[in-house]
K.L.:
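Have a look at this one.
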Number of protein chains: 2
Amino acid sequence: MALEHAILVSLLEKPGSGYELARRFERSIGYFWTATHQQIYRVLKRMESDGLLAVRALPQQSRPDKKEYSVVGPGRAALSQWLHEPIEPESIRHELAVKIRGAAFDDPSVLIREVERHRQVHSDRLAHYLAGELRDFTGPTALTPLDAGQELQHVVLRGGIAFERMTIAWLDDVLETLRRLGTPHPDS
Amino acid sequence: MALEHAILVSLLEKPGSGYELARRFERSIGYFWTATHQQIYRVLKRMESDGLLAVRALPQQSRPDKKEYSVVGPGRAALSQWLHEPIEPESIRHELAVKIRGAAFDDPSVLIREVERHRQVHSDRLAHYLAGELRDFTGPTALTPLDAGQELQHVVLRGGIAFERMTIAWLDDVLETLRRLGTPHPDS
DNA sequence: CTTGGCTATGCAACGAGTTGCATAGCAGGA
DNA sequence: TCCTGCTATGCAACTCGTTGCATAGCCAAG
């Protein structure tokens, strides 16, 4: 159900089409909640028929109409209500961790390349987040002072940065452990 | 599909019934991959009919038979094959982050209690992980030296510990930000 | 003595999320 | 010229995961 609320937040920040939302979900919002265009279109349709959103068809030349969605009263109320409800603290769901434990029953060296690849992805993501932070929040071109919405966006981004840094450090720990296990114990 | 592989790893570490697996998923394995008993029973049944697992019915007095599952050849092969396949590095899916950005459109103070509650949960989890680490890996009663499987379990647990520490620090950052926004800006 | 919790398994229905495919014209590179 | 990729939307089929419920006897607490 959180996709609905993520969409409400995103559309409150700025109205847009399903396609635009899908691209936002590849960027800022999607740093902590992913969604494909399929899900988004389906949920948008449902939310509109539930009266949470309003559509405005923008005709375009030689393309299907762009449907711009925006939040209306009941949508805002639904978001507000959700914000007042407690949610379950979530646990990590880390497939790689399953693989690491599984490596005990297979050649650990095949995992090393996989872990290195993941490390690279997280390292790239970190660089991407840091560039975004510099551009929007801490760099010379950033607006000062920031308004409340921007402060909140920044603290969420700091969470993403902290997550990637932690993950990279852990993957280094994993690599060291795998390499240690790969070499026949040197002290016996 | 990762549940299947998590079950294979867990059953290779030690055979057991669906019920026992469900409880392991509340403990060690479940620190990074959650599953309810429903999913587990369903998947066990499918895996058995696919020939990945063998069942042995252990009769018990005044209780339904316990079905002890163990991994057989094709199951081991399936795990091994999966370990050689690359997986997508996963992103976080953090509902709380959606709420935090949503707080820009509502009273931020209602979020403070929620964030404090989450902080408490993560703090409890950290204590739980640290107790497990002391018991199984770093304490005086731990076996030394550890075998490869235990080393890998330990490095995964260290990942859980790092995750909880990072999360707690971030939630403190969030709380500070929310409180700062709650007080009317003191310098103007 | 009754209520709730534990072991142990399972069905049914639903909602969330993924994957493959389809349309359709335009722009840019090999 | 053909192929790829972008904008923009959508259907269909599937798997994954959650929730509610059911059985059934045992044990401990109130």
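Chain identifiers are assigned alphabetically (A, B, ...) following the order of the sequence lines, protein sequences preceding nucleic acid strands; residue numbering begins at 1 within each chain.
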K.L.:
Can you tell me how far C1' of C:dC6 sits from NE2 of B:His37, to the nearest Å?
P.N.:
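So the two atoms are 13 Å apart, to the nearest Å.
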K.L.:
For B:Asp172, which residues count as a salt bridge (Lys or Arg N to Asp or Glu O under 4.0 Å) partner, sequence neighbours excluded?
P.N.:
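Scan of B:Asp172 (salt bridge (Lys or Arg N to Asp or Glu O under 4.0 Å), adjacent residues dropped) gives B:Arg119.
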K.L.:
How close or far is atom P of C:dT7 from atom CG of B:Leu21, stated in whole angstroms?
P.N.:
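In whole Å, C:dT7 P and B:Leu21 CG are 14 Å from each other.
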K.L.:
Let me spell it out: for each of A:Thr34 and B:Tyr69, pick the nucleotide of DNA chain C with the closest heavy atom. Which residue's pick is nearer the 5' end?
P.N.:
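This one resolves to B:Tyr69.
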K.L.:
Tell me, which pairs form a salt bridge (charged side-chain N to carboxylate O under 4.0 Å, His left out) where one or both residues lie in residues 140-153 of chain B, sequence neighbours left out?
P.N.:
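Passing the test, one end in residues 140-153 of chain B: A:Arg180-B:Glu151.
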K.L.:
What residues form a ring pair (Phe, Tyr, Trp, His ring centres under 6.0 Å) with B:Phe25, not counting sequence neighbours?
P.N.:
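Once residues adjacent in sequence are excluded, B:Phe25 has no partner under the ring pair (Phe, Tyr, Trp, His ring centres under 6.0 Å) criterion.
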K.L.:
Whole Å only: how far is the CZ atom of B:Arg23 from the C1' atom of C:dC6?
P.N.:
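After rounding, the reported distance stands at 9 Å.
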K.L.:
Five pairs at each end of the helix from C:dC1-D:dG30 to C:dA30-D:dT1: take the axis at both ends and give me the angle between them to 10°.
P.N.:
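Rounded value for the end-axis angle: 30°.
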K.L.:
Is A:Ile92 isolated, or which residues cluster with it under the ILVMFWY side-chain rule of less than 4.5 Å, directly or via members?
P.N.:
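A:Phe163, A:Met166, B:Ile92, B:Phe163, B:Met166, all in the cluster of A:Ile92.
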K.L.:
Roughly, in whole Å, what's the span from CD in B:Glu26 to C1' in C:dA8?
P.N.:
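Whole-Å distance recorded here is 14 Å.
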K.L.:
Please name all residues satisfying ring pair (Phe, Tyr, Trp, His ring centres under 6.0 Å) with B:Tyr31, sequence neighbours left out, ordered by chain then number.
P.N.:
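With neighbours one apart ignored, the set is B:His128, B:Tyr129.
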K.L.:
By a strict heavy-atom criterion of less than 4.0 Å, which residues belonging to residues 5-19 of chain A are in contact with DNA chain D?
P.N.:
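Heavy-atom contacts with DNA chain D come from A:Ser17, A:Gly18, A:Tyr19.
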K.L.:
Taking atom CZ of A:Arg56 as the centre, report whether more than 12 heavy atoms of other residues, nucleotides or ligands fall under 6.0 Å from it.
P.N.:
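At most 12 heavy atoms, drawn from other residues, nucleotides or ligands, come within 6.0 Å of this atom.
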K.L.:
CD of A:Glu68 versus P of D:dT9: gap in Å, rounded?
P.N.:
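It is 11 Å, rounded to the nearest whole Å.
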K.L.:
Can you list everything that forms a side chain to side chain contact (heavy atoms under 4.5 Å, CB included) with B:Ala104? Sequence neighbours excluded, please.
P.N.:
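Side chain to side chain contact (heavy atoms under 4.5 Å, CB included) list for B:Ala104, sorted by chain: A:Leu152.
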K.L.:
To the nearest Å, give me how far apart CD (B:Glu4) and P (D:dT15) are.
P.N.:
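Result: 12 Å.
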K.L.:
Using a cut-off of strictly less than 4.0 Å between a heavy atom of the residue and any atom of DNA chain D, enumerate the qualifying residues of residues 39-56 of chain A by number.
P.N.:
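DNA chain D contact set from residues 39-56 of chain A: A:Tyr41, A:Lys45.
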K.L.:
Which residues pass the salt bridge (Lys or Arg N to Asp or Glu O under 4.0 Å) test with A:Arg135, not counting sequence neighbours?
P.N.:
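Scan of A:Arg135 (salt bridge (Lys or Arg N to Asp or Glu O under 4.0 Å), adjacent residues dropped) gives none.
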K.L.:
Regarding B:Glu85 and B:Gln81, do their side chains bring together a donor and an acceptor under 3.5 Å, going by distance alone?
P.N.:
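The criterion, which ignores hydrogens and geometry beyond distance, is satisfied for B:Gln81 and B:Glu85.
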K.L.:
Round to the nearest Å and state the distance from B:Arg24 atom CZ to C:dT7 atom P.
P.N.:
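After rounding, the reported distance stands at 14 Å.
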K.L.:
Strictly by ring pair (Phe, Tyr, Trp, His ring centres under 6.0 Å), give each pair with a member in residues 103-122 of chain B just once, sequence neighbours left out.
P.N.:
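For residues 103-122 of chain B: none.
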K.L.:
Kindly write out the residues that satisfy salt bridge (Lys or Arg N to Asp or Glu O under 4.0 Å) with B:Glu176, not counting sequence neighbours, or none if the list is empty.
P.N.:
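Per chain and number, B:Glu176 pairs via salt bridge (Lys or Arg N to Asp or Glu O under 4.0 Å) with no residue.
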K.L.:
Given atom CZ of A:Phe25 and atom C1' of C:dA16, what is their separation to the nearest angstrom?
P.N.:
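Going from A:Phe25 (CZ) to C:dA16 (C1'), I get 14 Å.
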K.L.:
Is a donor-acceptor contact shorter than 3.5 angstrom present between the side chain of A:Gln38 and the base of D:dG10?
P.N.:
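Indeed, a donor on one side and an acceptor on the other fall under 3.5 Å apart.
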